[in-house]
**Q** 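Got a structure here, written out as structure tokens. Questions coming.
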Amino acid sequence: MKRILLSFYLLTSFSMTYAASDTNIIEVFKKVPEKRIYQPQYLLKGTTPQARIHVIRKQYLNGLLDCPSVIYHDKKKILSLRSFEETTFFLEPDRYYIRYAVNNSGCINLEFYQDKRPKMDILSQERQLEGDTEYTFTISEHTGPQ
């Protein structure tokens, strides 16, 4: 009887482990609450052609760390994202220095600079952002533009 129970337990454990690795998790993203939007004018689409910046904050560090990731434009704090939140904001078409930076609490921030080149951090790039074009950035364990 013990062998049968042990065999059943091992078979069940193997099946659950095997099934878990093949299961696709659908990620559901929420909008950022108003209390964490510090510069609401960035979320309003203007009448002139603007670059649409779509930012997705996935869960990272295996969900153990959920401090906010802050989005900056020329050192102005626009908003902060927590796990499984997303937002779209608008910037003037221009050449930008874009970087992912680790803040004091260990979270990854996304920063856009027009006028000065920032110091290097996790990932920095110079990029032309065109008007009437959408750019998507992801903040996660595997951070980077898509």
**Q** Are Leu129 and Pro93 side-chain neighbours, meaning at least one heavy-atom pair lies under 4.5 Å?
**A** no

**Q** Verify the cluster assignment for Leu43 and Ile139: are they in a single hydrophobic cluster under the rule of side-chain heavy atoms below 4.5 Å apart?
**A** yes

**Q** So, for Tyr42 and Lys76, which heavy atoms are closest and what is the spacing to 0.1 Å?
**A** OH-NZ, 3.3 Å

**Q** Taking side chain as C-beta onward, heavy atoms only, is Pro33 less than 4.5 Å from Glu85?
**A** yes

**Q** Taking salt bridge (charged side-chain N to carboxylate O under 4.0 Å, His left out) as the test, write out the residues that go with Glu111, two or more places apart.
**A** Arg99

**Q** Is it the case that the side chain of Ser80 and the backbone of Pro68 share a donor-acceptor pair, with hydrogens and angles ignored and the cut-off at 3.5 Å?
**A** no

**Q** Just to verify, what does Lys77 make a side chain to side chain contact (heavy atoms under 4.5 Å, CB included) with, not counting sequence neighbours?
**A** Tyr38, Val70, Tyr72

**Q** About how many Å separate CD of Gln41 and CD1 of Ile78, when rounded to the nearest 0.5 Å?
**A** 8.5 Å

**Q** Drop me the distance from Lys58's NZ to Thr138's OG1, to the nearest 0.5 angstrom.
**A** 5.5 Å

**Q** Is the Phe112-Phe137 ring centre distance short of 6.0 angstrom?
**A** yes

**Q** Measure the shortest side-chain to side-chain distance between His73 and Tyr113 over non-hydrogen atoms and say whether it is less than 4.5 angstrom.
**A** no

**Q** Please enumerate all residues that pass salt bridge (charged side-chain N to carboxylate O under 4.0 Å, His left out) together with Glu134, with sequence neighbours excluded.
**A** Arg52

**Q** Quick one: does Tyr100's side chain get under 4.5 Å of Leu110's, heavy atoms only?
**A** yes

**Q** Using a 4.5 Å cut-off on heavy atoms from C-beta on, say whether the side chain of Lys30 contacts that of Arg82.
**A** no

**Q** Can Ile98 and Glu126 be said to form a side chain to side chain contact (heavy atoms under 4.5 Å, CB included), step by step?
**A** CA-CA 6 Å; Ile98 303 164; Glu126 186 177 356; over 6 Å; no

**Q** When rounded to the nearest 0.5 angstrom, what distance separates CG in Leu79 from CD in Glu34?
**A** 12.0 Å

**Q** Hey, what do you get for OG (Ser69) to CG (Asn103), rounding to the nearest 0.5 Å?
**A** 7.0 Å

**Q** Tell me if a side-chain donor or acceptor on Arg57 pairs with a main-chain N or O of Leu81 at a distance below 3.5 Å.
**A** yes

**Q** Closest approach of Phe84 and Val28, non-hydrogen atoms and distance?
**A** CB-O, 3.6 Å

**Q** Can a donor-acceptor pair be found, under 3.5 Å and without considering hydrogens, that links the side chain of Tyr96 to the backbone of Gln125?
**A** no

**Q** Can you establish whether the number of heavy atoms outside Lys35 located under 6.0 Å from its atom NZ is more than 12?
**A** no

**Q** Please find the pair of heavy atoms, one from Glu130 and one from Tyr135, that lie closest to each other, and give the distance.
**A** N-OH, 2.7 Å

**Q** Let me see the working for Thr88 and Val55 under side chain to side chain contact (heavy atoms under 4.5 Å, CB included), right down to the final yes or no.
**A** CA-CA 6 Å; Thr88 300; Val55 182; over 6 Å; no

**Q** Using modelled atom types only, decide if a donor and an acceptor are shared between the side chain of Asp74 and the backbone of Gln114 within a distance under 3.5 Å.
**A** yes

**Q** Ignoring hydrogens, what is the shortest heavy-atom contact between His54 and Thr87? Give both atom names and the distance.
**A** CD2-O, 3.1 Å

**Q** Indicate the atoms forming the closest heavy-atom contact of Arg95 with Gln128, along with that distance.
**A** NH1-CB, 3.2 Å

**Q** Would you confirm whether Gln50, through its side chain, and Gly46, through its main-chain N or O, come within 3.5 Å as a donor-acceptor pair?
**A** yes

